[in-house]
Amino acid sequence: MTSNATSLIELPTDLDCTHLPKHIAAIMDGNGRWAKRRGFPRMMGHKHGANALRELLRCCKDWGIGALTVYAFSTENWGRSIEEVDFLMTLFENLFQIELAEMVAEQVKLDVVGNLDNVPPSLRSAIDRAVTATQDNQGVRFTVAINYGGRQEIVRACQTIATQVQQGLIKSTDIDENTISKHLHTADLPDPDLLIRTSGEMRISNFLLWQLAYAEIYVTDTLWPDFDRRAFHLALLDYQQRHRRFGKA
Ligand code: FPP
């Protein structure tokens with residue numbers, strides 16, 4: 001990952017390369033509505049959504065954004081029809097397989113966060129292979145949240161820390177924000193500077209609840225499959241106009 005202006009490909013001239021977010025989180029919403037508006041089945045929206053994601057990842061690389069974390073499947077998404085859940089699991093598996101060579105070539109470092117215990121074993125294997133094959137890459141940190149819930153992640157961290165206290169490894173009075181952060185899936189990533197949510201919904205939806213504490217939130221009416229370079233450019237322009245105060249005056 002680089003913020004060196006000379007290596008950025010086609011960074012729009014109205015963007016300040018010294019003031020880009022280091023880590024962007026995205027809630028990829030609106031695939032179903034995109035498909036419905038065109039008279040397509042919902043699955044078509046997810047397929048086109050995957051194309052939009054591929055393009056966004058490439059754009060992060062081109063424009064020097066170091067980390068991208070996307071919400072692909074929430075713990076609540078199991079409530080969708082079996083047909084849609086199966087489709088999504090197969091889509092993820094295919095993408096991790098088909099895109100692996102490209103991720104390796106582009107130096108993308110992939111991580112998948114969430115509870116993978118109950119995803120199909122074939123998807124788990126595809127994830128293991130892709131994560132292992134990209135773990136030494138030095139380019140964009142690409143994190144995909146699957147069967148992920150922010151509250152569950154915090155609960156799990158608290159359980160681990162409580163066990164360490166019980167075992168006398170740490171004192172309860174030593175627990176601070178850093179202790180919690182270190183026990184989250186994203187321990188080795190900076191907190192996101194910017195959260196993008198498509199399709200106009202003004203919610204965080206249990207995504208990265210701890211990590212998004214000081215993130216700038218950008219909501220666009222654009223539906224995820226239409227979230228292209230131009231839409232991303234607008235999100236970054238909006239971000240660069242914000243004055244991040246982190247609670248200070
Ligand atoms: C939300 O739109 C989207 C999802 C639940 C799935 C997102 C998945 C992709 C874009 C594929 C990405 C692939 C990988 C490998 C990460 P929705 O279905 O809730 O849309 P709606 O609100 O319009 O119904």
Side-chain angles (χ1 to χ4, degrees), residues 24-61 67-104 106 108-116 119-120 122-131 133-134 140-150 185-186 195-208 219-229 231-232:
I24 294 178
I27 301 180
M28 310 182 287
D29 200 7
N31 292 350
R33 274 162 285 172
W34 184 93
K36 191 169 175 206
R37 280 182 198 174
R38 286 162 178 77
F40 297 152
R42 293 178 58 79
M43 320 305 165
M44 197 60 95
H46 295 315
K47 264 181 93 165
H48 283 264
N51 293 340
L53 177 58
R54 189 182 296 114
E55 186 54 19
L56 178 62
L57 183 57
R58 186 160 298 126
C59 200
C60 284
K61 172 181 176 270
L68 174 68
T69 300
V70 296
Y71 208 3
F73 195 89
S74 73
T75 46
E76 289 75 28
N77 286 153
W78 295 109
R80 297 187 175 207
S81 70
I82 293 176
E83 188 195 15
E84 185 169 351
V85 169
D86 283 352
F87 181 88
L88 281 168
M89 295 295 151
T90 308
L91 179 68
F92 300 150
E93 186 178 327
N94 288 342
L95 286 172
F96 289 130
Q97 281 165 355
I98 294 164
E99 299 299 324
L100 180 55
E102 183 75 10
M103 286 195 282
V104 170
E106 302 257 329
V108 170
K109 178 173 172 10
L110 173 74
D111 275 304
V112 177
V113 298
N115 180 359
L116 299 181
V119 306
S122 55
L123 170 57
R124 261 203 319 268
S125 307
I127 290 171
D128 285 346
R129 269 196 302 278
V131 169
T134 62
V140 179
R141 296 283 313 264
F142 177 43
T143 306
V144 179
I146 294 180
N147 194 22
Y148 171 89
H185 295 301
T186 50
L195 168 70
I196 296 172
R197 180 162 191 159
T198 53
S199 91
E201 307 290 345
M202 305 275 190
R203 288 187 294 276
I204 293 188
S205 299
N206 205 14
F207 188 43
L208 302 178
V219 176
T220 170
D221 286 335
T222 302
L223 302 177
W224 179 257
D226 290 329
F227 192 81
D228 55 10
R229 259 178 202 241
F232 187 38

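Each ligand, and each atom within it, is numbered from 1 in the order the structure gives. Because the structure is a prediction, the values reported are computed rather than measured.
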Legend entry - Region of Lys36 engaging ligand 1 - heavy atom pairs below 4.0 Å: neither

Inset, instruction - List the atom of Thr75, the atom of Asn206, and the distance in Å for their closest heavy-atom pair. - result: OG1-ND2, 4.2 Å

[atom]: nearest protein contact (heavy atom, Å):
atom	answer
atom 12 (C) of ligand 1	Leu53 CD2, 3.8 Å
atom 14 (C) of ligand 1	Phe92 CD2, 3.7 Å
atom 6 (C) of ligand 1	Ala72 O, 3.4 Å
atom 13 (C) of ligand 1	Leu95 CD1, 3.4 Å

Between [X] and ligand 1, does any nitrogen or oxygen pair lie at a separation below 3.5 Å?
X	answer
Asn77	no
Arg33	yes
Asn31	yes
Tyr71	no
Gly32	yes

Legend entry - Over 12 foreign heavy atoms within 6.0 Å of CD, Glu76: yes

Legend entry - Residue Lys47 excluded, over 12 heavy atoms near NZ under 6.0 Å: no

Inset, instruction - Work out whether the distance between some heavy atom of Ser199 and some atom of ligand 1 is less than 4.0 Å. - result: no

Legend entry - Interfacing atoms of ligand 1 (cut-off 4.0 Å, heavy-atom, Val144): 16 (C)

Legend entry - Atoms in ligand 1 flagged as close to Gly49, the criterion being non-hydrogen separation under 4.0 Å: 10 (C)

Inset, instruction - Classify the angle between the aromatic ring planes of Tyr71 and Tyr148 as parallel (below 30°), tilted (30 to 60°) or perpendicular (above 60°). - result: perpendicular

Legend entry - Shortest reach to atom 17 (P) of ligand 1 by a heavy atom, considering only Glu99, Glu84, Arg80, Met28: Arg80

Inset, instruction - Identify which one of Leu110, Val113, Thr69 satisfies the side chain to side chain contact (heavy atoms under 4.5 Å, CB included) criterion when paired with Val144. - result: Leu110

Inset, instruction - Output the distance between atom CZ (Arg58) and atom CG (Leu56), rounded to the nearest 0.5 Å. - result: 11.0 Å

Legend entry - Distance in Å, Ser74 OG paired with Ile146 CD1, rounded so as to fall on 0.5 Å steps: 11.5 Å

Inset, instruction - Using distance alone, with no hydrogens and no angle criterion, decide if Arg197 and Ser205 have a side-chain donor and acceptor under 3.5 Å apart. - result: yes

Legend entry - Arg37 to Trp34, cation-pi by 6.0 Å centre distance and 45° axis angle: no

